[in-house]
Structure formats: C-alpha cells, structure tokens
**Student:** 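Before anything else, here's the structure in question.
Remember, predicted model here, so these are calculated numbers, not experimental data. Proteins get letters first, then strands, A, B, ... in listed order; numbering begins at 1 in each.
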Amino acid sequence: MHVVKVKVSCAHQEGEFIPGITVLEAITQLCPDQAKEALVAEINGEVKDLTTKINNDCQIKPLTWNDEAGRRALRHSAAHVMAQAVKQLFPEAKLAIGPAIEDGFYYDFAVDNPFTPEDLEKISTCMEQIIDQDLAFIRQEMARDEARAYFVAKGEQYKVELIDDLPPDATISLYQQGDFVDLCAGPHIPSTGYIKAFKLLSVAGAYWRGDEKREMLQRIYGTAFANKSDLEAHLRLLEEAARRDHRKIGRELDLFSLQEEGPGFPFFHPKGMILRNELEAFWREEHRRAGYQEIRTPTILSQELWQKSGHWDHYRENMYFTEIDNRGFAIKPMNCPGGILVYKSRSHSYRELPLRLAEMGLVHRHERAGALHGLMRVRCFTQDDAHIFMLPSQITEEIKGVIDLIARIYQVFGFNYQVELSTKPENAMGSDDIWEEATASLKKALEEKGMEYKINEGDGAFYGPKIDFHLQDCLGRTWQCGTIQLDFLMPECFELDYIGEDGEKHRPVMIHRTCLGSIERFIGILIEHYAGAFPTWLAPVQVRILPITDHQSGYAKEVAVKLDQARIRAEVDGRNEKVGYKIRDAQLQKIPYMLIVGAKEIDNGTVAVRHRDQGDLGALTVDRFIQEIGREISEHRTGRGN
RNA sequence: GCCGAUGUAGCUCAGGGGUAGAGCAGCGCAUUCGUAAUGCGCCGGUCGGGGGUUCAAAUCCCUUCAUCGGCUCCA
C-alpha cells in the first residue's frame, strides 16, 4: 500500500505526515512549546484555523497572542460567543456583523428594545458559561444557494443580504460553536475556552452598513484577552486615558470651557490663551522662516462670493448665513475665498511666485449636534491656514516644502502621525482629468519624500484632493490636523492670473494647507499628549513661588518681579498654608517649577528649586535660575532640546 | 441628525414622593510651619429649562436643552 506523505515545516522543524492531519497536531509534534500558545496559524502565507486539515506540503507559522492575526482571531471568536449569548437570551435578535477591531470587538444586532446595562451583565454571565463549556469552533463550507436558504429559514435577513453581496467566486463558510451558527469567513480559535478574559464595554447605535438611511442597529463593544492580567492592564490604561481627557484637564487647569449658551463654541480662559499665544508665536516664527507672509481676511463676506467659489453649491449645509442691509452674507467656513481676494487685489508677476499667504482664520461650520466633542470637534475654530499661489512647475517642490514644515512642527511636540491621501468625493467640482492630475501630483510628492500613506477614497475637499495628517488623542482615536490640498479649480472660478515670462497672462495653481489644522483641536491633542504637563515654554504658569511662612512673602514678591522682568510667567502662592500643601497644589496644576523660599533663601539670595518631575534640585541664585529656565525655554521652542 | 446614557454647590459625588447632603475648593479665625493635604468655623444649590400627575416632585410622566459613548459627517 502506498502511503502519501505531506511535508510540513514549522519554526525550522520539518516533518512528514499522513494527509488529513490538523495544523494543531503538526505544530504539537514539530514545535510543541508553541502548541499551547498558538491561536491560529499562517499556512503558506494565509491565516487559517488550527483545525484546518493539511493535505499538501506546506509551511506553517503558528500565530499567538503576540501576533496581530492571533489577537484578531481570539477577539473575533469572542464576538461570536457574545452573539451566541445574545441569541440565547434574546432569540428574536437578528445578527448583523461582528468583527474584531483595534483592542477589541463588537457585534451589531437588530432588536426591538435596545440593550440596557443589566442586559450586558446577563450577556456577560451567559458568555462565561459558553466559555466554560469550551465549545469547539467548527468550520463548514456551503454552496451559496444552500447557505442562503439556511439563513432565510432562520429569518436572518442581514446574513442573507451579506451573502447576496459576496462576489460570485467567494467561498461561503459558516462557523458553529454549540448550537450557534454564523456566516463567517474566519479564522477562529479552536474552542471557546481559549478566551481567558473578556469584558463588555458599551452599547451604541450603529447604522446597518454605516448608511444613515438604513435602520439603526444596537452595537455592543467588548474586548478580550488571552489572560486576566492583560485585560486588567488594558482597563487600567482606559482609566488612565480618561484622566488625560482634555475636557477634564481643561477644566482642572482652567484653560477653557464649553457652556450651554454656546454649544460647540469654546471659551478660552486666561491660561488657555497663554498656551494659544505661545503656540501661535511659535507658528509665526516657523512660517516666517519658511517664506510665508501673514494676512487676515473678514469673517463675513457676501453670499455672491460663496456662490462663485462653489461653497454655495457644495458646502451650504455647513454654513451660517446672515443679512446686512437686505443683502445676503455668509460667515466664512473656509479662508480660501478671502485669500484669493487678497491675491486678486493687484496683478502678479511670475517672479513673485510661489506666493505664500498664511492666515490664522476663524471659521464657523455647522456641525451636527451629536458630532460635537470638546475642543476636537467644534462649530468655530481657527485654522492655521495658508494659500500658496504658484506656477504649475512649482507644484511638487511646494508640496514637499509643506510636508517638511508640518514634520518639523510636529517633531517639536514629539507627535507620531499617520498620513492619508484623500481622493475625489462624490460632491466634487471639476473634471476627472483635473482631479487625476492633482491627485498624481500629491502622490508624487509623497513618494519622493518616501512617506508611508493610506488612501482614503472619496474623502477629498470638493475643490481638490488632499494629503491629511492625523494625530491621536488619549484613547487612540485619530483626528485630522494638518492637510495639504491641491486646487486647480478655484483659480479658474476666480480667474486668477499672473504675468509670465512671455508677458502673457497665465493661470496659477493653488495649495490650501494647514499644519496644526485647527488651533482648538491641536490644543486638545496637546493637552492629552502632555496630560496637562506642558513643556516649560508652553506652560501657562512656568514658575510658582512658595514662601514657607508669611515672613518670606516680601522676598517672594521680589523674586516674582525679577522673573516677570525676564518674561518668565510666575506667580506667588501667598496663602496661609504649609509648604507641603502649596507643593501639592502646584503639582496638581502641573506647574514646571516651584521655587521654595524660606529664611535660608533670603539670607543667601537664592531660591530652592523643585521641578514637577525631578523633585528637589537644590538652591540656586535667582539670576542663575532665570538663566537656566531661559535656556530651557528657548531650546524647547526651537525643537533643538529634548 | 440617529441610538443609548447622564444632568443635584465652582469641582467630585450621595440622596430617589414629605423642610436639600458630604468631601474638596472659596472666605474668616487660630497657627508661622522646609518639599504632595494644620485645626476650627462660615458662605454656597428655585436639584439643566418648561409642562404635567399629586395634598405634596430633586424624586413619577411628557417635552426641550446640554453633555458623555457610539453611528453618520468632517479641521
């Protein structure tokens, strides 16, 4: 009898097996130490179940919790367990989709009554039972008609819709654990017992297929881990993130407020304004060096202007309108038309180009009530805008220049960022050819810079494609900040021109761009990034002077005056409290330096320096301290320091 | 805009049909103190707004506004 053998290699080990052996069995024999850890495996580059039978020679790579695919499989399986529990408790619930996501999973259900927090507890308890039963995940492939009939019979109309939308050649697979069957491509972990720790986190509404015209489903978010301590660590991380929330810190440090009287219209308090002004001063210096000139254009401009620019047709539902002396006006949602009017106020020679006109412009946009979020999404914000008017031949260099400027600015704050290229949206002006040309120019610049980027189809501005720079908040949610948009259309709408070398009129090309994006949003990101402990150059209060008793209050005030003369932002805590109390308060206010002054310091003309993070740094003369903090401030601001 | 939750003093929160509570902050007095909270006292709320049920509403119901978590949308 002839016995066929398959050659399997795993972690540099090789073996021959009779066909039909499972991946897990092969791993157990070849690399036993990994068998316990494996969740799924990569077979010839494809991620598969451990229960997959091997019939051909192949290479196996066990994937564990330490692999992205391993984590996803475990969490996706947890989503199935949750769905099983929901069907058990609420048999009338209809299943939609339940994928693994960053740090967890969710599952969408159609139910008559939304889930309550008590429902979540019940579901959780039921899930624990399912996990205890250690039910195997069993994969089954089915013909399309058969699968369709199966889900029609079960009344799972969302699954039917999913099947109908699968490409004709797709393999249709079902996964079963216990009596629960779900349409699913997989892969899954071998059995429910692999889920060692999970937690259901929240319920939220979500439109079926993300389409607001379709019905709203109930989504349950949860997370799962391979062991309990990792879950606990993750939950602690979430708590810590909540402590960094810019809305909380903004209130605690008295930086800004949001009030019922102005939903989405933030109020900046004195300390928030210091932060803002420092940020703007830094921005102005960087832009001056990069060859920009600053302008300022009006907030209210005539309605006809917005009709001409295309905003009336493409952006009206986001705009606020008003009337002056029976004439229609709009409150600007963007700065570009204003910048264009400045350009048009006189004629330009090719010798002036590129002309870089920057504007800290306050724009108002109507955002839907449910979308507002602290300083991150508001209804009025200041864009650190600029419009670059240039020759077509200057496009790539100018885009690269902006990329460099943004990188330089972010580097001062130590931000990591993601870059996206957004292409033509549905609601766009202009021909496909123009869009293609503009998109290709952006791509070219990105590629010449060797930047990694993701393509974001259909997310461009209505007048042009854009490169977006996304920063993360405390919970890892990303927010668009910088943007570079290439525009051939506005110059056309406004008949912009310059006089070329040939003495004839030519049409310039425009770049619209921001670095910080919105000052408000950027400050929100900064607050969360630093958890309120701003570097000294940005800190609203840089130094607090703490007299030990009121015998030192005169000296404390003298020190404060000296610091003020050196443009160091200092205040005296003259309250009748012990120094420990004052230190605690200054620490909680995240003030970088505390200067403690007692009798000794008066005698020696010094201050006892305590740093927010480094603690007691010993005594220095006031002049020496001013010199050192001054150096720290100027080094940080230029990004040459740490 | 949609789904759900929440709204009580400046802040953090308790109370849940029968006269509004605590801690912190603030103010006053005592204390004069050396690196994360000294003690005592005082002030402070028409319980988000409007309507209803009730002898009586912070509490129950309706409605509206705002906020929070999502969805959608976008700097």
**Student:** Could you tell me if the side chain of A:D384 sits less than 4.5 Å from the side chain of A:R513, heavy atoms only?
**Tutor:**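 The answer is yes; the side chains approach within 4.5 Å.
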
**Student:** Would you tell me whether A:Y463 and A:Q485 have side-chain atoms, one donor and one acceptor, within less than 3.5 Å of each other?
**Tutor:**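 Yes, A:Q485 and A:Y463 have a side-chain donor paired with an acceptor closer than 3.5 Å.
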
**Student:** How far does the C1' atom of B:C13 sit from the matching atom of B:G18, given to the nearest Å?
**Tutor:**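 My reading of the C1' atoms in B:C13 and B:G18 gives 24 Å.
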
**Student:** In whole Å, what separates the C1' atom of B:C60 from that of B:C47?
**Tutor:**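 Result for the C1' pair: 15 Å, nearest Å.
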
**Student:** Who is the Watson-Crick or G-U wobble partner of B:C11, with both distances under 3.5 Å?
**Tutor:**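 WC or wobble partner is B:G23.
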
**Student:** Do A:Y207 side-chain and B:G1 base share a donor-acceptor contact under 3.5 Å?
**Tutor:**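 Side chain to base: pair found, below 3.5 Å.
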
**Student:** Respond yes when some side-chain nitrogen or oxygen of A:Y581 is under 4.0 Å from OP1 or OP2 of B:A25, and no when none is.
**Tutor:**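 Yes, within the criterion.
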
**Student:** If the P atom of B:C40 is compared with that of B:G45, how far apart are they to the nearest Å?
**Tutor:**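 Their P atoms lie roughly 24 Å apart.
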
**Student:** In terms of the nearest nucleotide of RNA chain B, which residue is placed more toward the 5' end: A:Q485 or A:G598?
**Tutor:**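 Comparing both residues, the 5'-ward one is A:G598.
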
**Student:** Measure from the ring centre of A:W479 to the centre of the six-membered ring in the base of B:A75, then say whether that distance is under 5.5 Å and the planes meet at under 30°.
**Tutor:**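 No, aromatic ring not over the base.
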
**Student:** Using a cut-off of 4.0 Å on non-hydrogen atoms, how would the nucleic acid contact of A:E261 be classed: base, sugar-phosphate, or nothing?
**Tutor:**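 Answer is nothing: A:E261 stays at 4.0 Å or more from every strand.
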
**Student:** Could you state the atom-to-atom distance from CD1 of A:I525 to C1' of B:A75 in whole Å?
**Tutor:**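 Answer to the nearest Å: 11 Å.
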
**Student:** Tell me which residues in residues 543-552 of chain A lie within less than 4.0 Å of RNA chain B, going by non-hydrogen atoms.
**Tutor:**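 RNA chain B contact set from residues 543-552 of chain A: A:I548, A:T549, A:D550, A:H551.
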
**Student:** Give one of base, sugar-phosphate or nothing for A:R214, where a contact means two heavy atoms less than 4.0 Å apart.
**Tutor:**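 No contact.
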
**Student:** If you measure from the P atom in B:A9 to the same atom in B:G4, how many Å do you get, rounded?
**Tutor:**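 About 27 Å, rounded to a whole number of Å.
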
**Student:** In whole Å, measure the gap between the P atoms of B:U59 and B:G26 for me.
**Tutor:**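 Between the two P atoms, the distance is 33 Å.
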
**Student:** Out of the candidates A:M376, A:Q472, A:H470, only one should pair with A:W479 under the side chain to side chain contact (heavy atoms under 4.5 Å, CB included) rule; please name it.
**Tutor:**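 Between A:W479 and the candidates, side chain to side chain contact (heavy atoms under 4.5 Å, CB included) is satisfied uniquely by A:M376.
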
**Student:** Does A:R209 pair with A:E161 as a salt bridge, N-O distance under 4.0 Å?
**Tutor:**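 Salt bridge: yes.
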
**Student:** For A:H364 and B:A75, what is the distance between atoms NE2 and P respectively, to the nearest whole Å?
**Tutor:**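 It is 17 Å, rounded to the nearest whole Å.
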
**Student:** Here's one to test your reading of the geometry: is the NZ or CZ of A:R214 within 45 degrees of the ring axis of A:Y207 and under 6.0 Å from its centre?
**Tutor:**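 Because its charged atom misses either the 6.0 Å distance or the 45° angle limit, A:R214 does not stack over A:Y207.
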
**Student:** Let's test your reading of the model: under 3.5 Å, does the base of B:U67 pair with the side chain of A:R247 as donor and acceptor?
**Tutor:**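 Side chain to base: no pair below 3.5 Å.
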
**Student:** Does a distance-only test, which skips hydrogens and angles, find a donor-acceptor pair under 3.5 Å between the side chain of A:E601 and the base of B:G34?
**Tutor:**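 Per atom types, the contact qualifies.
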
**Student:** For A:E278, which of A:K271, A:R284, A:R569 qualifies under salt bridge (charged side-chain N to carboxylate O under 4.0 Å, His left out)?
**Tutor:**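 Exactly one option meets the salt bridge (charged side-chain N to carboxylate O under 4.0 Å, His left out) with A:E278, and it is A:R569.
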
**Student:** More 5' along RNA chain B: A:R219 or A:A599, using each one's nearest nucleotide?
**Tutor:**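 In this pair, the answer is A:A599.
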
**Student:** Parallel, tilted or perpendicular for A:H364 and A:F265, by the 30°/60° rule?
**Tutor:**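 Rings of A:H364 and A:F265: tilted, as their planes differ by 30° to 60°.
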
**Student:** Looking only at atom P, what distance separates B:G51 and B:G70, rounded to whole Å?
**Tutor:**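 Straight-line distance between the two P atoms is 36 Å.
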
**Student:** Does NZ or CZ of A:R276 lie under 6.0 Å from the centre of the six-membered ring of A:F268, at an angle within 45° of the ring axis?
**Tutor:**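 Yes, a cation-pi geometry holds between A:R276 and A:F268.
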
**Student:** Please state the C1' separation for the pair B:G48 and B:G7 - nearest whole angstrom.
**Tutor:**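 Each nucleotide's C1' atom is 6 Å from the other's.
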
**Student:** Considering every strand and a 4.0 Å limit on heavy-atom distances, what is the contact class for A:R477: base, sugar-phosphate, or nothing?
**Tutor:**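 Counting heavy atoms under 4.0 Å across all strands, the contact made by A:R477 is with sugar-phosphate only.
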
**Student:** Please measure how far the P atom in B:A75 lies from the corresponding atom in B:U6, and state the result in whole Å.
**Tutor:**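 Their P atoms lie roughly 34 Å apart.
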
**Student:** Hunt down the Watson-Crick or G-U wobble partner of B:G34, both distances under 3.5 Å, from any strand shown, or write none.
**Tutor:**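 Base-paired to nothing in any strand shown.
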
